[in-house]
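Encoded as structure tokens, the structure appears first; notes follow it.
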Amino acid sequence: MAETKELPLMEKIVALCKRRGFIYPSSEIYGGINGFWDYGPLGAELKRNVKELWWNTMTRLRDDVVGLDATIIMHPQIWKASGHVDTFSDPMVDCKTCKGRFRADQLDEIPCPQKPSKTVAQCPGEKTPPRAFNLMFQTWVGPVQDESALAYLRPETAQAIFAQFKNVLETSRQKVPFGIAQIGKAFRNEVTPRNYTFRSREFEQMELEYFIRPDEAVEAICGRVAAVEELLARGPLGEPQPDWGWQAWHKYWVEERIRFYESIGLPRETLVEYWQKPEELAHYARATVDILFKFPFGKRNERGELIGEELEGIAARSDFDLSQHERYSGKPMRVFDEELRAAWAKLDPARQQALWQRYFEHRKNYLTRTARPGETPEQIERAAREDADAFAKGHYIPHVIEPSAGVDRLVLALICNAYAEDQMPDEKGNLETRVVLRFHPRIAPIKAAVLPLVRNKPELVRKAIEIRDTLRPHLTVFYDDAGAIGRRYRRQDEAGTPFCITVDFDTLGEKGPELKDTVTVRYRDDGRQERLRIDALLPWLLERIR
RNA sequence: GCGGGUGUGGUUCAAUGGUAGAACGCGGGCUUCCCAAGCCUGAGACGAGGGUUCGAUUCCCUUCACCCGCUCCA
């Protein structure tokens, strides 16, 4: 229709989410609160489905991953060890003249945006005093609000996994390589929450920490570390192998995670596998792959194509995190690897010496980078030598691969991907624009709607309610008898319900006994209809929503 | 945090210094009704606070939220 102005795609999606009960602004009756969003009835179902599929895929369907559900508030030392206290709280200075903001410790290095020949410190523009920008939410544990009670809401779920690593290892009967998975809330006081729910201040993460042997241990045990280039040249990696080093494991998890996204309905062409450049890597990372989704609001390249925004980061973090916690807590994070000890004994001395040396260099490098004030090179050297000696006896701190995904941005990606407008004929056969969410049935908030053709016919209503009650224990069904049948179909189209089950007069046997106790199943995507026996419905549906 | 823009039923919009309209949606009713039909009927809004004014949804200020651009993004 020419008279209705066409809204930008993202605005249409936001309006639909509000209209249908996927996403609302938090605290909306008080004007909302920046960076916080609530999930309505359909959004809550969608999000639960996503989390459940992740949990099943990552833990229950695997032998080598177990779950954890840790607290949001933890000992503040955890955030010192992880580096968040330092890196999350840079004092910043604003220039009132040029409106720029600069890290207070870099004023002597950064060129002034208006006069690049001078540094910010030399520029005469009026500056604010340095102000702390701590991206971690703070609170106090206990009633006394003083420094000693200060605590943080976790800015990521990962650290809880590291902090509980030893407990899980001892109680789960797992051996390296194995993983610990967790889903939970995290909080970041983002400077600028943007793009709907994409960057929120309260959000949910799905994180796996997958612990692997150091490459030196793999080499000692298997004689070599599989060359990733050769593996990849042969195609997908397939099942994990004992001779995989960190690079093969890293690539394995990238492949697994992309497969997961495809399995819940994100086509491969909407995803981008982005390998971070060396200068982009965080301090702890050896390599990081971001899996990007081409959100409608995303940035575009010079050809105008969407380049994607991050859904998940898969980082190879070496043994940095566990080492940090070992140093800060004083509790050993080493594991004992019987295979390593046995294999080590059979190595010839030259090989032993070479592996010892490499492990020693790796540890020395880490200890040097994270040295505390006052630590001497001799002390570091001694500590690294102890680590290497322990390694030769089968002890090491596991390395880790971390696939870390944001639930909320994934839900948003699924909605954006599912949103479609197409043409459906109305009762007169004229084509009309229809809005439909083409969710994969696995994640659809409502799997099936049960609809009596008319509601003023008690037999139809009774039959429909019966069907609803039969299906309800097994899948989310929605019963609706209000208004014309076509209207109810369209409602379900906007909710993304893949199947509508219509109870009509044929169901009652009015057109003959052969149709008695059959219903119409209508497909969301093309409006196609099929007749099915009522007693065949449940298995038919279950097969299609798995 | 800076600059610009926008705030009117659930959604998308309109008008107005003096009783706020529409479309769609939503509730109820009628219709043996398979793709947003029709008829009847009902509920529902000026983001919040302050100021100017006899009177403010409208003008002014503050604030909050959203959008765009910067900035930030472990």
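Numbered from 1 within each chain, the chains take letters A, B, ... in sequence-line order.
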Compute the ring centroids of A:F198 and A:F297, then answer whether they are less than 6.0 Å apart. yes
B:G25 C1' sits how many Å from A:R434 CZ, rounded? 18 Å
Using the ring of A:Y261 (Phe, Tyr or Trp, six-membered ring only), decide whether A:R257 places NZ or CZ under 6.0 Å from its centre and within 45 degrees of its axis. yes
B:G7 and B:A14, which share atom name C1', separated by this distance in whole Å: 15 Å
Using a strict cut-off of less than 4.0 Å between a Lys/Arg side-chain nitrogen and an Asp/Glu carboxylate oxygen, indicate whether A:R491 and A:D480 qualify as a salt bridge. yes
Distance between P atoms of B:G4 and B:C60 (Å, rounded): 15 Å
Expressed as a whole number of angstroms, how long is the span from A:E494:CD to B:U12:C1'? 13 Å
Polar side-chain contact A:R490-B:A36 base: donor and acceptor under 3.5 Å: yes
To the nearest angstrom, how far is A:R194 atom CZ from B:C2 atom C1'? 11 Å
For residues A:H250 and A:H399, establish whether the separation of their ring centroids is below 6.0 Å. no
Within 45° of the six-membered ring axis of A:Y419 and under 6.0 Å from that ring's centre, is NZ or CZ of A:R20 located there? no
When you check the phosphate oxygens OP1 and OP2 of B:C26, does a side-chain N or O of A:R487 lie under 4.0 Å from one of them? yes
Would you say B:U31 has OP1 or OP2 under 4.0 Å from some side-chain N or O of A:N456? yes
Applying the Watson-Crick and G-U wobble criteria at under 3.5 Å, what pairs with B:C30? Answer none if nothing qualifies. B:G38
When we call it a touch if two heavy atoms are under 4.0 Å apart, what does A:D493 touch: a base, just sugar-phosphate, or nothing? nothing
Would you mind classifying the nucleic acid contact of A:A15 as base, sugar-phosphate or nothing, using non-hydrogen atoms under 4.0 angstrom? sugar-phosphate
Cation-pi check, A:R544 onto A:W540 ring (under 6.0 Å, within 45° of axis): yes
Which whole-number value in Å describes the distance from A:R19 CZ to B:G9 P? 15 Å
Could you check whether A:Y489 and the base of B:C34 form a stacked pair, meaning centres closer than 5.5 Å and planes differing by less than 30°? no
B:U11 phosphate, OP1 or OP2: any side-chain N/O from A:K18 under 4.0 angstrom? yes
What nucleic acid atoms does A:E156 come within less than 4.0 Å of, heavy atoms only: base, sugar-phosphate, or nothing? base
Please determine, for B:G69, whether a Watson-Crick or G-U wobble partner exists with both distances under 3.5 Å, and give it or none. B:C2
Could a donor-acceptor pair under 3.5 angstrom be found where the side chain of A:T520 meets the base of B:C34? yes
Check this for me: does any side-chain nitrogen of one of A:D493 and A:R522 sit under 4.0 Å from a carboxylate oxygen of the other? yes
Are any of A:N34's side-chain N or O atoms less than 4.0 Å away from OP1 or OP2 of B:C66? yes
Return the value, rounded to whole Å, for the distance between atom CD of A:E312 and atom C1' of B:C73. 18 Å
Atom CG of A:D504 and atom C1' of B:C35 are separated, to the nearest Å, by 14 Å
Pairwise P distance for B:C24 and B:A20, with rounding to whole Å: 22 Å
Does any nucleotide pair with B:G18 by Watson-Crick or G-U wobble geometry, both distances under 3.5 Å, and what is it? B:C54
Please state whether the base of B:C34 and the side chain of A:Q529 form at least one donor-acceptor pair under 3.5 Å? yes
What integer distance in Å separates A:L311:CG from B:C73:C1'? 16 Å
Would you indicate what A:G35 reaches in the nucleic acid, counting non-hydrogen atoms under 4.0 angstrom: base, sugar-phosphate, or nothing? sugar-phosphate
When both hydrogen-bonding distances must be under 3.5 Å and the geometry is Watson-Crick or G-U wobble, what is B:C24 paired with, if anything? B:G10
Would you measure the distance from the C1' atom in B:U63 across to the matching atom in B:C73 and give it in whole Å? 27 Å
Just to be sure I understand the rule, does A:Y30 reach a base, reach only the sugar-phosphate, or reach nothing, if contact means heavy atoms closer than 4.0 Å? nothing
Which value, in whole Å, describes the distance between the C1' atoms of nucleotides B:G50 and B:U57? 16 Å
Atom CZ of A:R491 to atom P of B:G10: distance rounded to whole Å? 18 Å
CA sep, side-chain torsions, deciding dist, call: A:T518, A:L532, side-chain contact (heavy atoms from CB on, under 4.5 Å): CA-CA 5 Å; A:T518 63; A:L532 271 183; over 6 Å; no
Rounded to whole angstrom, note down the C1' distance from B:C68 over to B:U62. 23 Å
B:C33 versus B:C67 - spacing of their P atoms, nearest Å: 47 Å
Looking at every strand, decide which applies to A:R488 at a 4.0 Å heavy-atom threshold: base, sugar-phosphate, or nothing. nothing
Which is more 5' along RNA chain B, the nucleotide nearest A:R531 or the one nearest A:I29? Just name the residue. A:R531
Classify A:R524 by what it touches in the nucleic acid, base, sugar-phosphate, or nothing, heavy-atom distance under 4.0 Å. nothing
How is A:E28 classified with respect to the nucleic acid when contacts are heavy atoms under 4.0 Å: base, sugar-phosphate, or nothing? nothing
Looking at every strand, decide which applies to A:E459 at a 4.0 Å heavy-atom threshold: base, sugar-phosphate, or nothing. nothing
For nucleotides B:A15 and B:A22, find the distance between their C1' atoms and express it as a whole number of Å. 11 Å
